[in-house]
Amino acid sequence: MIRKLIGSLLLLCLAAAPASADWFEEFKDNASDDELLRFLTAMPKGGDLHNHITGAVHSEWFWELALNAEKDGYRYYTKTKINNCKFASNEYGGNAYLLLFKTIPEYALNMLPECEQAEYQAVNQLEGELKQQWLDSMRLDQSHEGRAEFFEALWPRVGGMLTNPHLVADLLVMNMQAFGEEGLVYLEVQIPVHGFRDSSGERITPEAVADIYRARLRDDDAQATGVEVRFQLAILRFMPQAEDFLRIVYKFVAEQDLFVGVNMVGREDNDKGYPLRFLPTLRELRQSIGDVSLSIHAGEVDEPNAHVRDTLLLGADRIGHGVNLITDPDTMLLMRHGPYLVEINLISNLLLEYVNDYSQHPFPEYLRTDIPVALSTDDRGMWDSTMSDEFFVAVKEFDVTWRELQKLTRNSIAYAFIEDDLKDRLLEQLDTRMARFERSFRRGGLKSAATVEPQYRGFLCRRYAVCAPEQ
Ligand SMILES: [Zn+2]
């Protein structure tokens, strides 16, 4: 009798096992890394909620964009040698004289002393080794490169190209195309509208820049991607005038179509940008302005602190990175089961040294204690990676299940700053697409993804030896 009971209990257990997930566990056990990437590339996805669009530019896209900008009258020059025109030693940062491959527009070149002008070469004249060095200078592809290189060298190098609104609008569409090919349907990007200039160096107003973006989104090639786009404006939090700029961008977002949220960026290890600094200004703004959502970088720092809690107090619905949330148990409890989401950037956190190894990353703890999370790409051009690569890291390092993959993709729409009817529609479509993908994979295996080619990039090649096949 007892044996019979155990027997039926066993049967019951087997029947209750998540049969729908077994196929994915089996696939993971048997798939090569290349097959896993192929699967994850073909898998439908939701949105990218944490994306600095000006950092989402692969080096060869910058090459194409710089040359293509000549149609709008812009010509770019890059520093290829140092003629010792001025004294400099051990310098670093935005205006560093010694920084090679800093690219600037022609009007800025013309403002330099003659000696310095001779240090620059036209980008469209670069070839061979020099062109390769220019391309390599815009990504973190060396083991000695990390946080300092990213903040103090990469951004100053590309900044001169990013004051051309047509170039930024074009790189936005390139991203829509590439993300669309990976199965994304939504991009919520942090995009600048201030500090832009025309090809002669004349200022362009933020309103005119926004018009250029919106017009570009109406073009056929942008529409054909099927990717919805919304914009956030960000402030550099440690600047002396950051409160004034917060007032400006907050009002701008409230007034302008397609702009939905405000973000705060900049190194959190610079104490001058601490979250609660902005509480009085936000309270003042909320006196008279509504409908502005907040997604704010917080917890992207090495030390334990209460930045995530303080950022929720600022009114943020989403937290960018949240790496050190793990050090604040009260706030973790507060965030379980929502309503706030942590935007997880696995590749960024490793390359910028916020974790030394993935075993230190809190992502699985958040995911598996029901703190809402979604995967995002941060500055994927500089990591030389894709959204599928983020999923690859999640599966490879944390053995993410099929149910968890579904949850991650769903969250990336459910927590988007979009109108309710659009959100409902995208979620419904996502559920249908995921169910269809699962059905056809279980029927035909990877053959069902045969038409999808992974976008092989440098990060996965360097770290996991998943590289583009030799031509
Ligand atoms: Zn970021």
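In each ligand, atom 1 is the first atom listed, and ligand 1 is the first ligand listed.
No side-chain heavy atom of Met43 sits less than 4.5 Å from a side-chain heavy atom of Ser388.
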(request) Just do the side-chain hydrogen bond (donor to acceptor under 3.5 Å, both in side chains) check on Asp328 and Thr331 with the steps written out, would you? (result) CA-CA 6 Å; Asp328 182 354; Thr331 307; 2.6 Å; yes
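With respect to Lys71 and Asp170, a salt bridge is recorded, a charged nitrogen being found less than 4.0 Å from a carboxylate O.
Restricting His297 to its N, O or S atoms, the one at the least distance from the Zn ion (ligand 1) is NE2. Atom OD1 is the N, O or S atom of Asp378 at the shortest distance from the Zn ion (ligand 1).
Atoms NE2 of His52 and NE2 of His50, as seen from the Zn ion (ligand 1), are separated by an angle of 110°, to the nearest 10°.
Thr103 and Trp134 share a side-chain donor-acceptor pair at under 3.5 Å.
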